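Written below as structure tokens is the structure these notes are about.
One is the number of the first residue; the rest follow in order along the sequence. Hydrogens, waters and symmetry mates are skipped; everything else that's a heavy atom, side chains included, is used. These figures come from a predicted structure and were not determined experimentally.
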Amino acid sequence: MDWYTLRDHLLDRLSASVAAQPVPTGAWLVTAVAVAAVIVVVPPLWVVLRPLVTVVHELGHAIVGILCGRRFTGFVVSADMSGHTVTSGRPRGIGLVLTTIAGYPMPALVGAGVIATAMSGRGDVVLLVALILLLIALVRSRSIFTVGVLVGLLVGVGVLWWTGDVAWTSTVVAAAGVVLLVGSWRQFAAVLGHGDRSDDPGALARITPVPAAIWSLLMAALIAAPTWWAIRTLVLVVGPALSAILR
């Protein structure tokens with residue numbers, strides 16, 4: 001394949017990505033959603049996919065920090081899939097509070113948005129946005145392991161976007177949204193389970209007079225809201241297909 005052929009294929013793929021695509025329906029969508037939910041629950045499978053949730057969590061801190069006027073200087077994903085994002089700015093105040101609270105709800109919020117976008121037949125748009133954000137995040141990586149995780153995600157997303165058939169790309173993207181959504185609850189439940197003061201609720205308790213338990217309740221509400229929205233979106237599409245399968 002020469003340069004001109006590659007360029008033409010790239011332009012065609014970009015054009016197809018922004019064009020209207022078929023809305024995912026039927027048994028394949030039901031299966032993809034069910035498999036995605038099960039993957040998050042089964043520990044060996046969760047180990048493979050939880051880097052996606054961790055990266056979205058950390059980038060949530062970064063994006064909200066930037067929107068609040070803070071400077072995003074870098075982030076790290078550790079081998080145990082914990083992470084750490086560094087933003088610089090005032091040591092206290094609403095900007096730091098919003099930046100800190102954004103982490104755990106962000107995978108649920110992004111997951112719900114991804115599901116809704118995929119259900120409208122715009123799965124390729126999600127992949128393009130993901131590629132851009134991952135490339136930007138790669139520049140801010142502060143460890144070899146983090147670079148490896150991001151490169152792996154870039155390759156996976158890039159291959160799916162480049163080779164994916166528009167008829168099923170949105171189905172795969174919707175499944176990824178379910179992974180983020182359910183993974184957000186699993187990640188947050190782990191925090192509630194061990195109660196580490198270094199986690200986000202504890203950090204918020206240190207910089208405000210509000211106890212960690214109240215921050216945990218607020219985070220749970222921020223995760224629950226997009227979860228409810230995503231479930232409604234999925235039921236509208238998956239419901240008829242599931243009824244047809246069960247009949």
Side-chain angles (χ1 to χ4, degrees), residues 1 3 5-19 21 24 32 35-36 39-40 45-66 72-87 102-103 106-118 122-166 168-184 187:
M1 180 182 295
W3 161 250
T5 303
L6 179 62
R7 181 200 61 187
D8 291 342
H9 185 69
L10 177 61
L11 292 175
D12 289 343
R13 194 68 191 89
L14 286 170
S15 178
S17 296
V18 298
Q21 300 173 8
V35 168
I39 284 174
V40 179
L45 300 177
W46 167 241
V47 169
V48 176
L49 286 180
R50 65 181 176 176
L52 173 62
V53 181
T54 302
V55 167
V56 174
H57 173 119
E58 298 305 329
L59 292 183
H61 287 307
I63 292 171
V64 173
I66 292 170
F72 172 42
T73 57
F75 79 107
V76 171
V77 176
S78 303
D80 63 356
M81 288 306 113
S82 61
H84 182 62
T85 299
V86 179
T87 62
M106 190 57 68
L109 181 61
V110 172
V114 165
I115 290 169
T117 305
R122 299 288 180 179
D124 274 350
V125 174
V126 173
L127 297 178
L128 279 175
V129 172
L131 284 171
I132 293 170
L133 292 177
L134 288 171
L135 284 170
I136 295 172
L138 189 61
V139 179
R140 296 295 185 181
S141 300
R142 293 295 179 263
S143 75
I144 298 298
F145 186 82
T146 308
V147 170
V149 169
L150 290 177
V151 169
L153 290 173
L154 275 167
V155 170
V157 174
V159 169
L160 179 59
W161 175 75
W162 185 258
T163 64
D165 185 331
V166 295
W168 63 273
T169 295
S170 288
T171 299
V172 176
V173 170
V178 172
V179 169
L180 284 172
L181 195 66
V182 181
S184 180
Q187 195 180 59

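Summarising the geometry, atom CG belonging to Leu59 is positioned 10.5 Å from atom OG1 belonging to Thr54; distances are rounded to the nearest 0.5 Å. Taking CG of Leu154 as the start and CG of Leu135 as the end, the distance is 5.0 Å to the nearest 0.5 Å. His84 contributes atom NE2, which lies 12.0 Å from atom CZ of Arg142 (distance to the nearest 0.5 angstrom). With rounding to the nearest 0.5 Å, the separation of CG in Leu127 from CG in Leu134 is 10.5 Å. The CD1 atom of Ile39 sits 5.5 Å away from the CG atom of Leu49 when rounded to the nearest 0.5 Å. Atom CG in Leu181 sits 10.0 Å away from atom CG in Leu109 (nearest 0.5 Å).
Between Ser170 and Ala118 the shortest heavy-atom distance is O-CB, 3.4 Å. Residues Ala137 and Phe75 come closest through the heavy atom pair O-CE2, 3.5 Å. Residues Ala36 and Ala175 approach most closely at CB-O, 3.2 Å, considering heavy atoms. For Val56 against Pro107, the heavy-atom pair with the smallest separation is CG1-CA, 3.7 Å. The shortest heavy-atom contact between Ala174 and Ile115 is O-CG1, 3.8 Å. The nearest pair of heavy atoms linking Val64 to Met106 is CG2-CE, 4.0 Å.
Residues Val40 and Arg50 have side chains not in contact (no heavy-atom distance under 4.5 Å, counting atoms from C-beta outward). Counting heavy atoms from C-beta outward, Trp46 and Val53 have side chains that approach closer than 4.5 Å. At a threshold of 4.5 Å between non-hydrogen side-chain atoms, the residues Val55 and Leu150 count as touching.
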task: Apply the test side chain to side chain contact (heavy atoms under 4.5 Å, CB included) to residues Leu128 and Asp124: give CA-CA distance (whole Å), side-chain angles for both, the deciding distance (0.1 Å), then the verdict.
output: CA-CA 6 Å; Leu128 279 175; Asp124 274 350; 5.7 Å; no

message: If you apply the rule side chain to side chain contact (heavy atoms under 4.5 Å, CB included), what do you find for Arg122 with Val173, and how did you get there?
response: CA-CA 9 Å; Arg122 299 288 180 179; Val173 170; over 6 Å; no

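No donor-acceptor pair under 3.5 Å is formed between the side chain of Ser82 and the backbone N or O of Ser78. Between the Glu58 side chain and the Thr85 main chain, a donor and an acceptor come within less than 3.5 Å of each other. In terms of modelled atom types and a separation under 3.5 Å, the side chain of Thr146 and the main chain of Val76 share no donor-acceptor contact.
Checked by atom type, the side-chain pair His57/Gln187 shows a donor-acceptor distance below 3.5 Å.
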